Student: 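I'd like to ask some things about the structure below.
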Amino acid sequence: MASLSLRHITKRYQGGVTAVSDFNLEIKDKEFIILVGPSGCGKSTTLRMIAGLEEITEGELYIGDKLVNDVAPKDRDIAMVFQSYALYPHMTVFENMAFGLKLRKVRKEEIKRRVEEAARILDIEAYLERRPKALSGGQKQRVALGRAIVREPKVFLLDEPLSNLDAKLRASMRTELTKLHQRLQTTFVYVTHDQVEAMTMATRIVVMKDGIIQQVDTPQNLYDKPVNLFVAGFIGTPQMNFIPGKIEKKGDDVYFSFSKYSLKLPAEKGKDPALQAYIGKEVIGGLRPELVHDEERFIEMYPDSVIEAYVEVSELMGAEFYLYLKVDEECNLISRVSSRTKARQGDTLKFAINADLLHIFDKDTEQIVVH
């Protein structure tokens, strides 16, 4: 087992294109770290530098206590699972899983033991004599994982391993990967553009944009306390509502004003020195869709935060509805409400906003002011 230390890692290609810039991250032994971000943000490049498949332009990479910048991939004691399963079509499942061990001259009895143990863990014992063409996508993915497991590496690197699977299989494989991590007690570093995968599996998430780390935190903290607009918008489904507005003071109370409405902020938030500096200034309010309520009890609970909005679109998502609301020409909101809602497309209704959990962002820097 091993920890990982990435210190000021930079990847610069010929022509001056910087894929990853000053990447700093300490990964503890047995953590499940997920790198997430839009396409082209540098997450796969970072993973490939850990694997040794890309050279590091600047910085130092340690696996355990060992500096591995110049260590060959085969000597790093890591195993990588790719988006494409990369199975040998002419070999059986057993032979595919055993191939890496044969190259290392591992004894036949030990190979058999490791392959059968990995097959048992992944529930693919019945497929050991089949060839890849006789397997489903999910079964191929398990074989690719099995090939990595038999190596008994210190670190598992997984590059979008579920992206080729259908939605139902992706969901079940997320659960399987979480169980696998718990069973193997090994360090996992996982790359995905799917924030649902990140939120459901990770110990900590690294959010990247344009080759730069935006925030590293637990899934819950990323959701509750994003450091900037990018993280706030990337994490959460549907994404956070962003409302252009202004901070105003009336007497002892502080308000977030937008459209024709003023939301009274809780006293503790209003007195925060960081927010006090923004009184009279334009800001961006951030509001999770589940904080826009249509039930009468919430309208009674938050009388100072009631708005009226037109329901442009109503989407049934099973146990809940997503309501796409138009407040005025400048302001649109998404509300996530119970499937018991009576709201339908074309209705104009009252909604209560829970301003206690309203995030305030700086309009120019897009950094958080107060949560």
Side-chain angles (χ1 to χ4, degrees), residues 199 218-229 231-272 274-276 278-279 282-315 317 319-328 330-343 347-363 368-371:
M199 292 292 284
T218 63
Q220 194 65 55
N221 279 345
L222 278 180
Y223 191 80
D224 293 338
K225 297 179 179 179
V227 297
N228 58 32
L229 276 181
V231 175
F234 195 83
I235 300 294
T237 305
Q239 79 160 45
M240 183 183 283
N241 294 297
F242 295 127
I243 313 164
K246 194 173 183 179
I247 299 298
E248 296 180 337
K249 191 167 185 178
K250 302 173 187 176
D252 292 332
D253 297 322
V254 177
Y255 292 80
F256 172 70
S257 298
F258 70 100
S259 185
K260 60 184 178 183
Y261 300 104
S262 288
L263 306 182
K264 184 179 173 183
L265 300 179
E268 187 180 341
K269 189 174 286 188
K271 289 174 183 173
D272 190 306
L275 189 64
Q276 286 282 320
Y278 281 81
I279 288 172
E282 291 185 354
V283 295
I284 295 173
L287 191 68
R288 293 288 179 196
E290 62 269 21
L291 303 177
V292 183
H293 304 282
D294 69 336
E295 293 179 44
E296 192 62 41
R297 64 191 175 97
F298 288 108
I299 292 169
E300 291 171 4
M301 194 184 303
Y302 303 116
D304 296 329
S305 307
V306 176
I307 65 168
E308 198 168 73
Y310 173 75
V311 182
E312 288 191 302
V313 177
S314 169
E315 290 182 347
M317 306 300 290
E320 57 195 11
F321 269 95
Y322 294 169
L323 305 178
Y324 294 80
L325 311 175
K326 189 177 189 68
V327 180
D328 60 25
E330 304 291 319
C331 181
N332 294 292
L333 299 175
I334 303 174
S335 171
R336 195 166 101 188
V337 298
S338 160
S339 60
R340 297 188 302 275
T341 183
K342 295 182 173 59
D347 292 346
T348 299
L349 300 168
K350 287 182 177 178
F351 292 85
I353 289 175
N354 181 354
D356 293 1
L357 299 176
L358 180 74
H359 302 275
I360 304 295
F361 297 92
D362 185 292
K363 186 182 176 184
I368 191 71
V369 177
V370 290
H371 292 294

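Since we're looking at a predicted model, the values are computed, not measured.
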Student: Can a salt bridge be assigned to the pair Arg297 and Glu295 using a cut-off of 4.0 Å between side-chain N and carboxylate O?
Tutor: yes
Student: Check this for me, if you would: do Lys246 and Glu282 make a salt bridge, where the nitrogen-to-carboxylate-oxygen distance has to be below 4.0 angstrom?
Tutor: no
Student: Side chains of Asp362 and Tyr278 only: does a donor on one sit below 3.5 Å from an acceptor on the other?
Tutor: yes
Student: Run the side-chain donor-acceptor check on residues 247-257: report pairs under 3.5 Å with partners two or more places apart or on a different chain.
Tutor:
from   : atom 1 : to     : atom 2 : distance (Å)
Glu248 : OE1    : Ser257 : OG     : 2.8
Lys250 : NZ     : Ser262 : OG     : 3.4
Ser257 : OG     : Ser262 : OG     : 2.8

Student: What residues form a salt bridge (Lys or Arg N to Asp or Glu O under 4.0 Å) with Lys271, not counting sequence neighbours?
Tutor: none
Student: Yes or no on side chain to side chain contact (heavy atoms under 4.5 Å, CB included) for Thr348 and Val311, after CA distance, side-chain angles and deciding distance?
Tutor: CA-CA 6 Å; Thr348 299; Val311 182; over 6 Å; no
Student: Could you pull out the closest heavy-atom pair between Phe351 and Leu349, with the gap in Å?
Tutor: CD1-O, 3.5 Å
Student: For Met240 and Pro226, which heavy atoms make the closest approach, and how far apart are they?
Tutor: CE-CG, 4.3 Å
Student: Just by modelled atom types, is the Asn221 backbone N or O under 3.5 Å from a matching donor or acceptor in the Thr218 side chain?
Tutor: yes
Student: When rounded to the nearest 0.5 angstrom, what is the spacing between CZ in Phe298 and CG in Leu291?
Tutor: 9.5 Å
Student: Go through it in stages, so that I can follow the logic: the residues are Glu315 and Val313, the test is side chain to side chain contact (heavy atoms under 4.5 Å, CB included), and I'd like the CA-CA distance, side-chain angles, deciding distance and then a yes or no.
Tutor: CA-CA 7 Å; Glu315 290 182 347; Val313 177; 4.0 Å; yes
Student: Say whether, by atom type as modelled, one donor and one acceptor occur between the side chain of Asn241 and the main chain of Ile334 under 3.5 angstrom.
Tutor: yes
Student: Kindly compute the distance separating CG (Leu229) from CD1 (Ile284), expressed to the nearest 0.5 Å.
Tutor: 5.0 Å
Student: Atom CG of Leu265 and atom CG of Asp304: how far apart are they, to the nearest 0.5 Å?
Tutor: 11.0 Å
Student: Could you tell me the separation between the CG atom of Asp347 and the CD atom of Glu312, rounded to the nearest 0.5 Å?
Tutor: 13.0 Å
Student: Between Asp272 and Gln276, is any side-chain donor less than 3.5 angstrom from a side-chain acceptor?
Tutor: no
Student: Roughly how far, to the nearest 0.5 Å, is the CD1 atom of Ile307 from the CG atom of Leu325?
Tutor: 7.0 Å
Student: Parallel, tilted or perpendicular, judged at 30° and 60°: which one describes the rings of Phe242 and Phe361?
Tutor: perpendicular
Student: Provide the closest heavy-atom pair for Leu358 versus Gly286 in the form atom of the first, atom of the second, distance.
Tutor: CD1-O, 3.5 Å
Student: Please step through side chain to side chain contact (heavy atoms under 4.5 Å, CB included) for the pair Cys331 and Phe258, ending with a clear verdict.
Tutor: CA-CA 8 Å; Cys331 181; Phe258 70 100; 3.9 Å; yes
Student: Is Arg340 positioned over the aromatic face of Phe321, cation under 6.0 angstrom from the ring centre and no more than 45 degrees off axis?
Tutor: no
Student: For the residue pair Lys269 and Val370, what are the closest heavy atoms and their distance?
Tutor: CG-CG2, 3.9 Å
Student: When rounded to the nearest 0.5 angstrom, what distance separates CE in Met317 from OG1 in Thr237?
Tutor: 9.0 Å
Student: Is the His359 ring parallel, tilted or perpendicular to the His371 ring (thresholds 30°, 60°)?
Tutor: perpendicular
Student: Between Leu323 and Ala343, which heavy-atom pair has the shortest distance, and what is it?
Tutor: CD1-CB, 3.7 Å
Student: Verify side chain to side chain contact (heavy atoms under 4.5 Å, CB included) between Leu275 and Ile360, making sure each step is shown before the conclusion.
Tutor: CA-CA 8 Å; Leu275 189 64; Ile360 304 295; 4.0 Å; yes
Student: Taking 4.0 angstrom as the limit, do Glu308 and Lys350 come out as a salt bridge?
Tutor: no
